[in-house]
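See structure below.
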Amino acid sequence: MVAVGEWFKLPRLGKEFFVSLMKAGLVYDKSKGFKADANSNLMAISSILKRALGEDFEFVPRCFTCNSMIECYSCAYYLICDVKSSTSSCLCDNCISNEDAFAIYNKTLMKKMS
Amino acid sequence: MWVEKYRPKSVEEMVGNEESRIEFLNWLKEWKRGSKPALLIGPPGTGKTTVVHLVAKKLGYNMIELNASDVRTKEKMMQKLGPSLGSKGLFGEKLLIFLDEVDGMYERQDRGGIEFVEELIEKSIAPIVMAANLEDDKKIVKLIRKSKVFRFTRIPPRFVEIYVDNVLKKENVKLSKEAIRLIVRESKGDMRAAINTAQSFSGLSTEEISSTISSRDLTYSLREGFESFFNADSQEKAYEALKNCDAMPKDKVRLAYTSVVNSDLSNDELIKALEKIGEADEIVKMIGKTQEWRLLRYFDRVLAYSLFNAIPKGAVNYSEDDMPWNLKIRMWNESKALKSFGKSLSKFLHASSREVISTYMPYLLLILSRDKESMERFFKALGLDDSTLKVMMKEAERISVRVK
C-alpha cells in the first residue's frame, strides 16, 4: 500500500512497463522515485504495477486530519466512494468517530490554509 | 430550507477537494498580470462554482460571470465583457471574469465563443477563471494547455457524513449513525441532496428511513437504461442511466454492441464506438479471470463515459438483435474460413461458393468425419491454410456429434 501523493521506490521493471506507467500519469524523479498526483490515473497505474510486480498494488488515501493511512475495505461507503480512484484525502475511522469530527476537520483546514 | 441555511458562507466552511481549494485560493492571491488563467475541472456538484464565488469574495474581487444559461456567442460575450477587458473597475475595484461550464460552449448556439475565450486569455488584465465538467474532451485540451488546472473530484462520503452530522447537531435533530450513513449513501456524494434528504427524514426512525430509501431506489430495465443512456443530455446523466440499469455487465456490453452495430453510424464513428465497448468488455473479462469483483464499480463509468463521448447524440437507438450472441460471434469468426472452403471447392463442383457451403458442405463433412486422416488429407489437397483447416475440422466434429 502506498499513500497518494507520496514518493515510493520500485524495482527495475523494464522499458515497456516504465513507459506505460508514465502514460498513466505516474510522476518519476530519479532521486526520489515515483509518485501519483492529481493527474495520475490510479486505476491504470495499480493495474500496470500488479502485472509488473506480480502482486496486488494499491494506492490508499491519507486521513486529512491525522495523516494516517486509510484502508478502504472496511469502509461503509466502499461501494459508492471514488476516493480510491482519485487523489482525494479522506477521514480515518478514529477521526470520523470523534464527536467533534467536523470541528477538528475545520481546524485542520484553517491551519493548512493559513 | 436547511440547504440554504447551511450553504457555505466562506471557503473554509466547504468540505472536500481541500488541496484544490487551497491551491486555487493561493493562485488568486498571487495572481498578477500575465498569469495563466485558472481552469477548474470536475464533475457537476463538486463545488467548483461555489469555490470561485467564495474565494473571490474572500479576496475582495467583483465578479463578472457568464454561465451556461447565457448565450455565449462571440458578440454577446464581447458586449458583456468587452468594457472590462482593458480596464480596471471604475472605482479601482478588483475584477474577476468567471466563465462557467466552458466545455458546453462548443454547442452550435455558442458559435465563436471559444475563440473569444482564447482571445480573452491573451488580452485580459483581470484574472480569468473557467470551470468545466469534462476533462477528456478533446475540445478543451487547448484550454488545459494554456491554463493552470485545478481538479475537483466528488466529495468523499465520509466528508459528507461529518457535514450532515454537524447540520443535524445545529438543528438539534437526532438521527442514528446508521440513518446518517443511509442518507449519505443515497446522496452519492452530492452535498445538497444529502442535506435535503436529512431534512426530509428528520424525526424518522432508522427503519423508516431505510424502507423509504429502498422504495425510492430507481432501477431501470436493460431497455429503459439504454434508451435513457442514448438520449442523455450529459455524460453524467448517461452514467446514471447505466448505473441504475439492473443488468449484468456482460448484458450491458452485448446491448451496447447490438445497438451500435444496428445504428447508422459512419465507419469511423462505428470503429470508435466499438473500441470503447471493447474497453468496457476488457473489464468484464478481467473480472471473470481474476474474480476481482471490486472492479465492477468501474465498469459502468468506463462504458458510460467512453461510449457516450464516442457517439453523436441521437445517432444510436436501443436495439436488441434476437440472434444469440455466441452464435453470432461464431458466425463472424468462422465466416472467413467457410468462404475460403466454399471457394476452393466450388471450381471442382461447378457450383457457387454459397451453394457449396449451404448444400454440399454438411454432407461432405459428415462423410469425411468418419476418417480423420482422410479428412485432413482432403483439406490439405484443397490448399486450405491452417486456421481454415482448424475451423473445418471443428465443424466436421460438430456435425458428426449432431448426427450421432
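A, B, ... follow the sequence lines: proteins, then strands. Residue 1 opens every chain. Remember, it's a predicted structure, so these values are computed and weren't measured experimentally.
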If I take atom CD1 from residue B/Ile155 and atom SG from residue A/Cys90, how far apart are they, to the nearest 0.5 angstrom? 12.5 Å

Is it true that, when you exclude A/Lys111 itself, more than 12 heavy atoms of the residues, nucleotides or ligands shown sit nearer than 6.0 Å to its NZ? no

Please say whether more than 12 non-hydrogen atoms of neighbouring residues, nucleotides or ligands are located less than 6.0 Å from CE in A/Met69. yes

Measuring from atom CD of B/Glu18 to atom OG1 of A/Thr108, what distance do you get when rounded to the nearest 0.5 angstrom? 9.5 Å

B/Arg192: what forms a salt bridge (Lys or Arg N to Asp or Glu O under 4.0 Å) with it, not counting sequence neighbours? none

A/Cys92 portion near chain B, given a 4.5 angstrom heavy-atom threshold: backbone

Polar side-chain atom of B/Arg158 near backbone of A/Tyr77 as donor-acceptor pair, under 3.5 Å: no

Counting only heavy atoms from other residues, nucleotides and ligands, does the tally under 6.0 Å from NZ of B/Lys289 exceed 12? no

Counting a contact as any heavy-atom pair under 4.5 Å apart, which residues of residues 15-25 of chain A contact chain B? none

Is the CZ atom of B/Arg7 crowded by more than 12 outside heavy atoms at less than 6.0 Å? no

Evaluate the ring planes of A/Tyr105 and B/Phe159, with Trp represented by its six-membered ring, and classify them as parallel (under 30°), tilted (30 to 60°) or perpendicular (over 60°). tilted

Ranking A/Ser47, A/Ala76, A/Gly5 by heavy-atom pairs under 4.5 Å to chain B gives rank one to A/Ala76

Rounded at 0.5 Å granularity, tell me how far CG in A/Asn106 sits from CG in B/Asn166. 8.0 Å

Among residues at least two apart in sequence or on other chains, which ones pass side-chain hydrogen bond (donor to acceptor under 3.5 Å, both in side chains) with B/Thr50? none

Can you say whether A/Lys107 sits under 4.5 Å from chain B via the side chain, the backbone, both, or neither, judging by heavy atoms? neither

Could you tell me which non-hydrogen atom of A/Ser89 sits nearest to which non-hydrogen atom of B/Pro156, and how far apart they are? O-CG, 3.5 Å

How close do A/Leu109 and B/Val11 get, heavy atom to heavy atom, and via which atoms? CD2-O, 4.5 Å

Atom group of B/Phe150 that falls short of 4.5 Å from chain A, counting heavy atoms: neither

Quick one: does B/Asp165's side chain get under 4.5 Å of A/Glu99's, heavy atoms only? no

Against chain B, label A/Cys75 side chain, backbone, both or neither, depending on which of its atoms sit under 4.5 Å from a heavy atom there. both

Does B/Glu12 have any side-chain hydrogen bond (donor to acceptor under 3.5 Å, both in side chains) partners at least two apart in sequence or in another chain, and if so, which? B/Ser10, B/Lys58

Heaviest contributor of heavy-atom pairs below 4.5 Å to chain A, chosen from B/Glu13, B/Lys243, B/Met286, B/Lys169, is B/Lys169

Do A/Leu91 and B/Glu161 touch side chain to side chain, with heavy atoms closer than 4.5 Å? no

